[in-house]
Amino acid sequence: MLYNQFSGYKYFLYLVQIKIIMSNNRILMIYTGGTIGMYKDLETGVLVPFDFTQLLNRIPELQLIDKEIDTISFEQPIDSSNVRPYHWVQLAEIIEQHYDNYDGFVILHGSDTMAYTASALSFMLENLSKPVIFTGSQLPIGDLRTDAKENIITSIQIAGSYEGDRPVVPEVGIYFEFKLLRGNRTLKASSEHFNAFDSPNYLPLAQSGVDLKFFKNRILPVPDGIFNAHTGLEENIVVVKLHPAITESYLSHIINLPEIKAIILETYGSGNAPVAGWFLDLIREAIENKSIHIINITQCQKGRIVPDKYETGRKLMAIGVYNGKDLTTEAALTKMMYLLSKKLSRKGIKSAFERPLRGEMS
Ligand code: ASP
């Protein structure tokens, strides 16, 4: 058992080696919690996380994988609804600490906030040139009909897929129910189907059937720079979803919060918002008097911002709102958290925000 201290947050690392074979392929599996490792508490009947070592005992099939798999667990596995940005920092630091020793990383994570964590990690892991594959399950590993085993086994295979010394997937992905998706393109689309994740604006990176098929033209190239885990994150960002009953008082309270740095504005359709004077005046005031960064993304799952299509979209953009193009809410939020911690100029933040950094927008 190792004792580690990350960012002032203490926890234990359990290193459990479950298989050692004569191979250079080493995968690090990081267990954070989620349904995958939960059991039903007999008293309350609700699902609660259990010890990771028990989870591994439930997948004897892992013995068949021609890889050395080490595991690290959060001391207290969590339901992913409890994830906070410091958990993202912990994950980034664990990967950084073990980066040179492993060919790839598999992160077991609850599905509820997996798209947020995968998006955040995609930005924080700068110049990533190894696979970081998130997975989880809709049914616990002990359930007869569990989807956990296939998800874990194929994720390990993806994380260990190399052509010579080049990884096939040098990026952050989510593998769930036979599909590998780019992490920062995903959203949780179903709370009841095994097929829980969707990537509405970008096609899957791989499909698992009889063969594991990679679509290489959709996968990011290996970056040139040196890997670095960026662990600063600005947290004072709010997400505001427009709706027809939104009021001046509600929006005014938000822009007058003293600590607020950015607003992710989920607008209608291709980026449209009301042209009412009070609405545009408040947005203008937020940008000009309070230096708040405002991002326009669409509340539609599929599609993008087309600023000049309607007057209702053009007026908003003319005030100085940034174009979030086809970003998911999860990617827009975490990209802003990342960029605002870089202490760039306002112009630099806008320019970095509006271009793809990790394949998150097109
Ligand atoms: N509530 C669980 C979580 O996100 C659901 C899941 O694991 O799929 O941790």
Side-chain angles (χ1 to χ4, degrees), residues 9 11 14 29-59 71-92 94 105-122 132-156 158-159 172-199 204 208 239 301 328-331 333-334:
Y9 182 81
Y11 66 100
Y14 294 89
M29 182 148 64
I30 306 165
Y31 176 60
T32 67
T35 299
I36 199 161
M38 290 186 180
Y39 72 98
K40 206 171 246 178
D41 185 281
L42 291 178
E43 267 176 37
T44 61
V46 298
L47 290 172
V48 289
F50 70 68
D51 189 287
F52 184 55
T53 47
Q54 293 180 44
L55 172 72
L56 290 175
N57 293 338
R58 291 181 183 266
I59 322 178
T71 65
I72 287 181
S73 171
F74 278 11
E75 188 195 11
Q76 288 293 329
I78 50 171
D79 184 299
S80 78
S81 304
N82 290 319
V83 160
R84 300 285 311 164
Y86 66 76
H87 292 110
W88 302 341
V89 171
Q90 279 177 41
L91 285 172
I94 290 171
F105 301 85
V106 172
I107 302 179
L108 304 183
H109 193 290
S111 62
D112 287 348
T113 60
M114 190 185 289
Y116 287 93
T117 304
S119 297
L121 267 285
S122 78
V132 174
I133 310 300
F134 280 79
T135 197
S137 66
Q138 294 282 60
L139 287 177
I141 191 90
D143 192 289
L144 187 61
R145 295 176 54 251
T146 189
D147 50 331
K149 287 187 183 182
E150 201 286 322
N151 285 348
I152 292 181
I153 290 166
T154 307
S155 294
I156 292 171
I158 292 169
V172 177
I174 288 185
Y175 180 79
F176 229 88
E177 186 67 1
F178 306 117
K179 277 183 305 188
L180 176 69
L181 307 173
R182 174 164 300 152
N184 56 32
R185 292 286 195 154
T186 59
L187 44 93
K188 184 169 178 182
S190 173
S191 60
E192 56 186 11
H193 293 132
F194 285 146
N195 190 5
F197 287 91
D198 202 0
S199 164
S208 170
V239 177
Q301 285 201 350
T328 59
T329 303
E330 291 85 340
L333 174 72
T334 54

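For ligands, and for the atoms within them, numbers begin at 1 and follow the listed sequence. Note that these values count all heavy atoms, side chains included, but never hydrogens, waters or copies made by symmetry.
Polar contact with ligand 1: absent for Thr113 (N/O pair, distance under 3.5 Å). Considering backbone and side-chain atoms together, Asp112 places an N or O closer than 3.5 Å to an N or O of ligand 1.
Here the heavy atom of the protein found nearest to atom 4 (O) of ligand 1 is Ser80 OG, 2.5 Å.
Neither the backbone nor the side chain of Ala196 comes within 4.0 Å of ligand 1, counting heavy atoms alone.
Within the 3.5 Å criterion, the main-chain N or O of Met114 finds no donor-acceptor partner in the side chain of Thr117. No donor-acceptor pair closer than 3.5 Å links the side chain of Glu177 to the backbone N or O of Ala196. A donor-acceptor pair under 3.5 Å is formed between the side chain of Thr113 and the backbone N or O of Ser80.
Each of the atoms 2 (C), 5 (C), 6 (C), 7 (O), 8 (O) of ligand 1 lies under 4.0 Å from some heavy atom of Thr35. The distance from ligand 1 to the heavy atoms of Gly34 drops below 4.0 Å at these ligand atoms: 7 (O), 9 (O). For ligand 1, the atoms sitting less than 4.0 Å from at least one non-hydrogen atom of Ser111 are 3 (C), 4 (O), 5 (C), 6 (C), 7 (O), 8 (O), numbered in the order shown with element in parentheses.
Nearest heavy-atom pair across Glu75 and Pro77 is O-CD, 3.3 Å. Phe197 and Ala115 make their closest contact through CE2-N, 4.3 Å (heavy atoms, listed as atom of the first residue, atom of the second, distance). Across Asp147 and Ser137, no two heavy atoms sit closer than the pair OD1-CB, 3.3 Å.
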